[in-house]
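Have a look at the structure below before the remarks.
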There are 2 protein chains.
Amino acid sequence: MLANLKELSEKLGLSQTTVSRALNGYPEVSETTRQRVIDAAREHNYAPDSSARRLATGKTRTIGHVVPISKHDMINPHFTDFIAGAGAVYNRRGYDMLISVVDADKETETYRAMKRNRRVDGVIVHGPVASDARPGLLHSLGLPFVVHGRTLQDDDSYSWVDVNNRRAFAEATRYLIGLGHRRIALVNGWEHMVFARRRREGYEEALREAGIAVDPLLMSSNEMIEPVGHEAMTAFLASDDPPTAVLVASALSALGVMGAVREHGLGPGTDISIISYDDKLSFLDIGPDGMGLTVIRSGIGEAGRHCADMLIDMIEGRRGIVHMLLEASLVPGTSTGPPAGVAVSGKSAAGR
Amino acid sequence: MLANLKELSEKLGLSQTTVSRALNGYPEVSETTRQRVIDAAREHNYAPDSSARRLATGKTRTIGHVVPISKHDMINPHFTDFIAGAGAVYNRRGYDMLISVVDADKETETYRAMKRNRRVDGVIVHGPVASDARPGLLHSLGLPFVVHGRTLQDDDSYSWVDVNNRRAFAEATRYLIGLGHRRIALVNGWEHMVFARRRREGYEEALREAGIAVDPLLMSSNEMIEPVGHEAMTAFLASDDPPTAVLVASALSALGVMGAVREHGLGPGTDISIISYDDKLSFLDIGPDGMGLTVIRSGIGEAGRHCADMLIDMIEGRRGIVHMLLEASLVPGTSTGPPAGVAVSGKSAAGR
DNA sequence: TTGTAGGCGTTATCAA
DNA sequence: TTGATAACGCCTACAA
């Protein structure tokens with residue numbers, strides 16, 4: 001158990017320089033020496049002190065994630081899946097993940113502090129809102145970053161990884177219209193989140209194409225958690241002219257929606273059609289294998305992996321600004337079918 | 001924007017020593033000097049380089065969390081709530097949180113590496129199993145740690161924060177017995193996890209007290225996620241002699257259980273009684289305000305806060321080994337009542 | 001191919 | 001109350 005380079009090099013009868021070079025894979029050191037050094041390092045359980053290395057190199061090999069916490073001490077549940085993906089990349093590429101859980105109003109100051117202290121080499125920005133100040137701030141700080149999602153404007157001035165939410169929801173809506181539905185509800189997330197806004201736009205676009213009026217009474221925008229989904233769906237079902245189909249923006253909301261549907265004694269896929277966006281939340285598994293739902297699927301872990309790889313590439317100077325737009329895929333399940341009133345044989349004339 | 005102590009001290013006409021002392025709150029520096037230094041630091045947006053400071057002090061002010069990932073790239077969903085709690089403490093006390101997401105079989109090596117690199121001052125151990133090697137390993141490494149939960153043996157040799165799972169489940173079971181139930185099912189987590197084992201023990205203890213035979217056909221032990229809860233409950237309901245009540249070990253499982261119950265057209269609290277353990281999963285909110293379930297409640301965020309505070313106290317030498325056993329509380333909701341066959345007026349003679 | 005020496009930015013010791 | 005100086009452990013020109 002040798003504490004530092006000095007001791008190790010003395011034991012080997014070599015200079016610190018040579019030992020350091022051997023360990024860091026510099027080409028000029030002879031193979032025999034390198035092998036000898038590596039063996040000795042392993043034998044004595046030596047590894048460089050990370051703080052010392054950082055100080056000497058000026059690189060932290062650490063990526064920061066600032067995670068804002070909302071009213072009820074809640075962290076977005078999708079976050080675990082994202083960091084599972086990103087974390088795998090960090091491991092593979094020798095980076096550390098620093099997570100800072102802060103009150104939403106302290107986020108800006110947290111980025112500033114990370115820069116001042118030279119705490120991280122770059123950060124990942126989560127959950128962009130419509131007019132998001134973070135890209136501008138990070139640019140001015142000179143802190144490399146990748147955004148998971150996009151802002152509404154100026155999204156070409158920085159790197160991002162996003163899902164084509166608009167198209168995904170347009171296609172899902174068209175699918176329902178193709179089945180004959182004309183009263184289609186939307187259980188959406190908060191619309192200050194950009195992804196939610198884009199989902200609504202896709203939904204409305206498809207309705208308009210089909211000549212169906214957008215009905216505000218069929219749209220809800222709220223937090224994407226189970227009880228809220230339940231509440232929204234219950235309200236829709238209690239209305240004068242209830243929907244025959246519903247589009248849900250998250251798996252967690254869908255859980256609540258399904259509950260409300262069942263409580264009303266309705267059969268998914270027969271009495272009412274349901275399509276949910278599915279981030280592949282690892283602890284829910286709502287897809288065709290799970291609850292039988294028809295879903296629009298795009299893995300959030302995958303997005304995490306891409307963000308991590310892009311950011312590290314940027315930090316290491318191998319890459320500039322990159323945009324990655326992932327396409328979600330519609331996976332039919334048993335929760336969709338023609339509206340109850342429509343005979344199965346009678347082909348629907350609606351849509352397209 | 002001054003980069004380092006040297007520049008700042010030159011600008012002030014003071015030595016680096018004095019400036020450092022002023023900034024770090026040493027008592028020997030005069031108040032006027034200190035104020036002058038602090039003002040200048042703020043003005044020039046100076047803050048010490050964290051790597052340099054760490055190298056000089058030998059303290060990282062960083063806590064590590066090693067998060068094993070299971071088969072399906074899944075991180076325990078309770079984890080977000082835990083780190084929300086712990087993270088708040090880290091912020092308040094000036095610590096950073098380092099999260100390492102690794103394959104389950106690499107956990108040991110990760111701890112070793114954290115120690116070798118002097119990457120962290122201590123770690124939090126999550127999800128102890130029956131014969132857990134980590135406490136022994138960390139002891140031998142000399143890495144301070146706190147366990148969230150307990151192992152089965154030797155739990156007095158290290159600090160932990162745990163919930164009194166055995167008592168919680170015993171009391172919940174007694175509550176059901178008191179209502180007149182005698183066929184009570186248990187939807188438990190994996191029993192290699194210590195908390196799950198203790199929950200079963202509590203459940204069995206209460207049954208035995210009441211002279212009710214433990215029936216293996218009424219017990220399931222599996223992953224605590226929605227689809228699995230659904231599956232387990234469906235199986236129970238399809239059996240020859242179905243339960244009249246069920247005890248569920250997690251909110252996520254309870255979601256699945258509720259779904260299965262509804263699909264069978266049964267009313268919670270009337271046809272079948274349900275009690276769920278509730279970690280206060282922030283994105284579910286299943287308590288009395290939410291789904292109306294009767295729950296055994298103990299906040300996981302609170303546990304996170306205690307773990308963080310205890311570990312930091314240990315690291316800073318203010319505290320030795322501490323054990324904290326939190327009591328969960330039974331919160332009656334509408335999902336429990338007398339068994340269907342029992343007349344409401346007829347007081348049950350069972351239990352206690 | 002290996003070694004010498006200086007620097008990275010702090011904190012800590014000792015002296016003034 | 002303040003300052004010079006030496007660690008802390010590593011990397012990296014530059015020299016040999």
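Side-chain atoms are counted along with the backbone in the values below, which use heavy atoms only and exclude waters and symmetry mates. Predicted model, so just to flag it, every value in this text is computed and none were measured. Labels below follow one simple rule: chain letters A, B, ... track the order of the sequence lines, proteins then strands, and each chain is numbered from 1.
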*asked:* According to ring pair (Phe, Tyr, Trp, His ring centres under 6.0 Å), does anything in residues 110-135 of chain B pair up with another residue at least two apart or in another chain? List the pairs.
replied: B:His65-B:His126, B:Phe79-B:His126, B:Phe82-B:His126
_Set of side chain to side chain donor-acceptor pair (under 3.5 Å) partners for A:Thr110, sequence neighbours left out_ = none
*Starting at the 5' end of DNA chain D and moving along, which residue's nearest nucleotide shows up first, A:Leu5 or B:Ser15?*
B:Ser15
_Length of the line joining B:Leu55:CG and D:dA6:P, which is rounded to integer Å_ = 17 Å
*Could you give the CZ-to-P distance, from A:Arg53 to D:dC10, as a whole number of Å?*
9 Å
*Residues two or more places apart in sequence or in another chain: which of them pass salt bridge (charged side-chain N to carboxylate O under 4.0 Å, His left out) with A:Glu302?*
none
*Qualifying residues under salt bridge (charged side-chain N to carboxylate O under 4.0 Å, His left out), relative to A:Asp121, sequence neighbours excluded*: none
*In whole angstroms, how far is the C1' atom of D:dC8 from the NZ atom of B:Lys59?*
14 Å
*Where does the chain A footprint on DNA chain C start and end, counting 5' to 3' with a 4.0 Å heavy-atom cut-off?*
C:dT1 to C:dG9
Enumerate donor-acceptor pairs with a distance under 3.5 Å from any side-chain N or O in residues 98-109 of chain B to protein atoms, sequence neighbours excluded.
unit_1	atom_1	unit_2	atom_2	d
B:Glu107	OE2	B:Arg134	NH1	2.7
B:Glu109	OE2	B:Arg116	NH2	3.1

*asked:* The criterion is side chain to side chain donor-acceptor pair (under 3.5 Å); which residues satisfy it with A:Asn91, sequence neighbours excluded?
replied: none
*Short side-chain N/O contact to D:dG9 OP1/OP2 from A:Tyr46, under 4.0 Å*: no
*Take atom CZ of A:Arg54 and atom C1' of D:dC8, then tell me their distance rounded to the nearest Å.*
15 Å
*Can you find a heavy atom in the side chain of A:Asp156 that is under 4.5 Å from one in the side chain of A:Ile321?*
no
*Got a minute to check which stems DNA chain C is part of, using Watson-Crick or G-U wobble pairs under 3.5 Å, three or more consecutive?*
C:1-16 with D:1-16
*Could you check whether B:Thr33 gets within reach of a base, just the sugar-phosphate, or nothing at all, counting any heavy atom under 4.0 Å?*
sugar-phosphate
*Are A:Trp160 and A:Val125 side-chain neighbours, meaning at least one heavy-atom pair lies under 4.5 Å?*
no
*Phosphate oxygens OP1/OP2 of D:dT12: is one of them under 4.0 Å from a side-chain N or O of A:Thr17?*
no
Contacts table for residues 307-315 of chain B: side-chain donor-acceptor under 3.5 angstrom, sequence neighbours left out:
unit_1	atom_1	unit_2	atom_2	d
B:Asp309	OD1	B:Arg93	NH1	2.8
B:Asp313	OD1	B:Arg93	NH1	3.1
B:Asp313	OD1	B:Arg93	NH2	2.9
B:Asp313	OD2	B:Arg319	NE	3.2
B:Asp313	OD2	B:Arg319	NH2	2.8

_Among residues at least two apart in sequence or on other chains, which ones pass side chain to side chain donor-acceptor pair (under 3.5 Å) with B:Arg42?_
none
*What residues form a side chain to side chain donor-acceptor pair (under 3.5 Å) with B:His148, not counting sequence neighbours?*
none
*Map B:Ala52 and B:Thr18 onto DNA chain D by nearest heavy atom, then report which one ends up closer to the 5' terminus.*
B:Thr18
*Of residues 20-29 of chain A, the positions that come close to DNA chain C - non-hydrogen atoms, cut-off under 4.0 Å*: A:Arg21, A:Glu28, A:Val29
